[in-house]
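So the structure is just underneath, and the comments pick up after that.
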There are 2 protein chains.
Amino acid sequence: MAQSDTVDRILDAAEELFAERGFSETSLRMITSKAKVNLAAVNYHFGSKNALIHAVFARFLTPFSATLETAFDELEERCEGKPPTLNQTLWALTESAVRMPQRNEKGISIFMRLLGLAYTQSQGHLRKFLEEEYSEPFGRFMRLLKDATPELSSVDRYWRIQFMLGATAFTMSSSDALIDILENKLGVETTVQEIASRLVPFLAAGMKAPDKMLVSLSGSGVSVA
Amino acid sequence: MAQSDTVDRILDAAEELFAERGFSETSLRMITSKAKVNLAAVNYHFGSKNALIHAVFARFLTPFSATLETAFDELEERCEGKPPTLNQTLWALTESAVRMPQRNEKGISIFMRLLGLAYTQSQGHLRKFLEEEYSEPFGRFMRLLKDATPELSSVDRYWRIQFMLGATAFTMSSSDALIDILENKLGVETTVQEIASRLVPFLAAGMKAPDKMLVSLSGSGVSVA
DNA sequence: GTCTGTTTGAAACATACGTTTGAAGACCAA
DNA sequence: TTGGTCTTCAAACGTATGTTTCAAACAGAC
C-alpha cells in the first residue's frame, strides 16, 4: 500500500460523484463512503472540500494541457508559419482530449462533464483556480481560433466560441445518456470518437456561418438565410 | 394587499436567487429574507422547497408554452402545408422567448438562465416535473425540426439537435457572466436578444453543415473541409 | 362586536453538513 | 525493542439547512 492509495481512492470517488451530481450536491460523506475511507481523510490529505475539488481538476487538467501544448506545437510546425485552419485547430483539440490515457471507459465523459460543471456551477473559487493554473493553453487555443477566423469581428468570435464550448461540454457531459437513448430509439451504437467526428463539422460550420441575423424582433420572423 | 402578495414576493425573490446561484446553493432563508416574508411562508404557501422550484418554472413556462403553440400555429398556417424551414422554426422559438411579457429588464435572461440550470443541474424532481407538464410543445418543436431537415439521417439529426440544445442551454445559463466578461474585455454592451440573434445563425449553419468527418482519429488530423 | 377561516410570526425541531479533535494504529529507522 | 512520524479512526463540534409547531394577527360575514 504505497504512498497513499487513500488519496487516489478519494480522487476517483470524488471525480465520479462530482460529475454525476455536481459539487454542492455531493457531500464528503458520500465521497468517503464510496471510496471506503474515513471521513476525516479528506481534510487530512487535502485540507478542505474546495481543495479536493481543485485536486480533482488538476489531476486530469495538468496532463491534458501538456498533451494539448505538444499537439499545438506539432500543428504549427506542420503549417510552416501559415495559421492553422479552423478545422485543424478543432481537430488538434479533439484528438488531444480523446487520446488522453483514461482511467476507465467513462473517463472522457467524466472529463467533459466536469469541465461543463466548472463553467456552469457558480463556484467562484474553482473559476479562479482554473484561470490561475491553466490560462496559458486556453489562451493559446483562443489565439489559434482568432487566427483561423480573421473574417469575424471580436464580438462575433467571442459569442461563437461560447456556442462551441456549450455544444461540446453539454453533449460530452451527457454522452453516456445520449448514447443509450440513441441505441434504444434507433438501435445504433456510437462511440465518443464518433460523436466528436460529428461535432467538429457542426462547430466549424457554425463558426463560419454568415453574419448575424438582422431581422427585427418585432417582425414576422421570416427567414433571411 | 390583495390575495397573497406574499406568494408573488416569494416567487420573485426565488426566481432571481435561483437564477444567479442555482437551486441547492439558494436557501429558503435567503429567499424569505430577500422577499421580506417569514421563513415559514414558503412551506405554508408551497409545501416544500421543491414545490417552490416547480412553481417558479410553472409561472413562466406555462404562458411561454402557450405563446409557443400559437407561434407554431401561425407559422404552419403561413406555410400552407409546406413544412416550415429550419430558420423559421428556430426564429419562432426565439421570438416567443424574447417577446414574453417580462416582469423587468432582467426577465428574459433569468428565464434563459433557469432553463439552462434545469438541464444542467441534476435535479431529478425538476426534470420529471418538466417532462410531465411540458412534453407537448417540446415534442412539436422536435417534429418541426425533423420536417425542416429531411436531408439528415435520423442519427445525424439526433446528434445535431443535441449540439444545438447544448450551445443554447450552456450559453444562456451563463449569459450574465458572459455579458459581463465581454463588457470588461471589449467594452461592448449586449442584450440577450442580441445573443439570440447571433445564436440562431450559428445553430442553423451547424444543422445544415456538410457530412460528418471521415478522417480517422489515428491520422494526422488534417482538415478535409 | 363576535365569530370563523386564513395568514403571519417567533421559535424550535431534526437532520445534514464541513471540519476538528485526540487517541489508536501502522510503518520504519536506529 | 524503542522512538518518532505519518496515517487512520470514531466521535464530537459548530453551523446551516428544510420543515413543523402553535399562538397571535388579520380578514370578511353575520
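Each chain gets a letter, A, B and so on, in the order its sequence line appears, and its residues count up from 1.
Closest contact between the side chain of A:Leu39 and the listed nucleotides D:dT8, D:dT19, C:dT19 involves C:dT19. Distance from the side chain of A:Leu28 is smallest for C:dT19 among the nucleotides C:dT6, D:dT19, C:dT19. Looking at the side chain of A:Arg29, the nearest of the listed nucleotides C:dT7, C:dT19, C:dA12 is C:dT19. Closest approach to the B:Ser27 side chain among D:dT8, D:dT17, C:dT20 is made by D:dT17 (side chain taken as heavy atoms from C-beta onward). Of the candidates D:dT8, D:dT19, C:dT8, the closest approach to any side-chain atom of A:Thr6 belongs to D:dT8. Comparing C:dG9, D:dT8, C:dT19 by their closest approach to the side chain of B:Ala40 singles out C:dG9.
Looking at which nucleotide of DNA chain C each of A:Gly47 and A:Met30 is closest to, the 5′-most match is held by A:Met30.
The phosphate of D:dT7 has neither OP1 nor OP2 within less than 4.0 Å of any side-chain N or O from A:Asn38.
Across B:Gly22 and B:Leu117, no two heavy atoms sit closer than the pair CA-CD1, 4.0 Å.
For A:Ile10 and D:dT8, the CD1 to C1' distance is 11 Å, given to the nearest whole Å. Between the P atom of D:dT20 and the NZ atom of B:Lys49 lies a distance of 15 Å, rounded to the nearest Å. Rounding to whole angstrom units, CG of residue B:Leu52 and P of D:dG18 are separated by 10 Å. As a whole-Å value, the separation of A:His45 NE2 from D:dT5 P is 18 Å. Rounded to whole Å, atom C1' of C:dT8 lies 14 Å from atom CG of B:Asn43. Computed from coordinates, the A:Asn50 CG to C:dC17 P distance equals 16 Å when rounded to whole Å. A straight line from OH of B:Tyr44 to C1' of D:dA25 spans 13 Å, rounded to a whole angstrom. In this structure, the CD atom of B:Glu25 is 11 Å from the P atom of D:dG18, given to the nearest Å.
In this structure, A:Thr26 reaches the sugar-phosphate backbone alone: every heavy-atom distance under 4.0 Å involves primed, P, OP1 or OP2 atoms, never a base.
A ring pair (Phe, Tyr, Trp, His ring centres under 6.0 Å) with A:Phe60 is found for exactly one of A:Phe18, A:Phe111, A:Tyr134, namely A:Phe111.
Between the A:Ser65 side chain and the A:Thr62 main chain, a donor and an acceptor come within less than 3.5 Å of each other. Checked by atom type and distance alone, the side chain of B:Thr171 never pairs as donor or acceptor with a backbone atom of B:Thr168 at under 3.5 Å.
Note: B:Phe57 and B:Phe23 have tilted aromatic rings, judged against thresholds of 30 and 60 degrees for the angle between ring planes.
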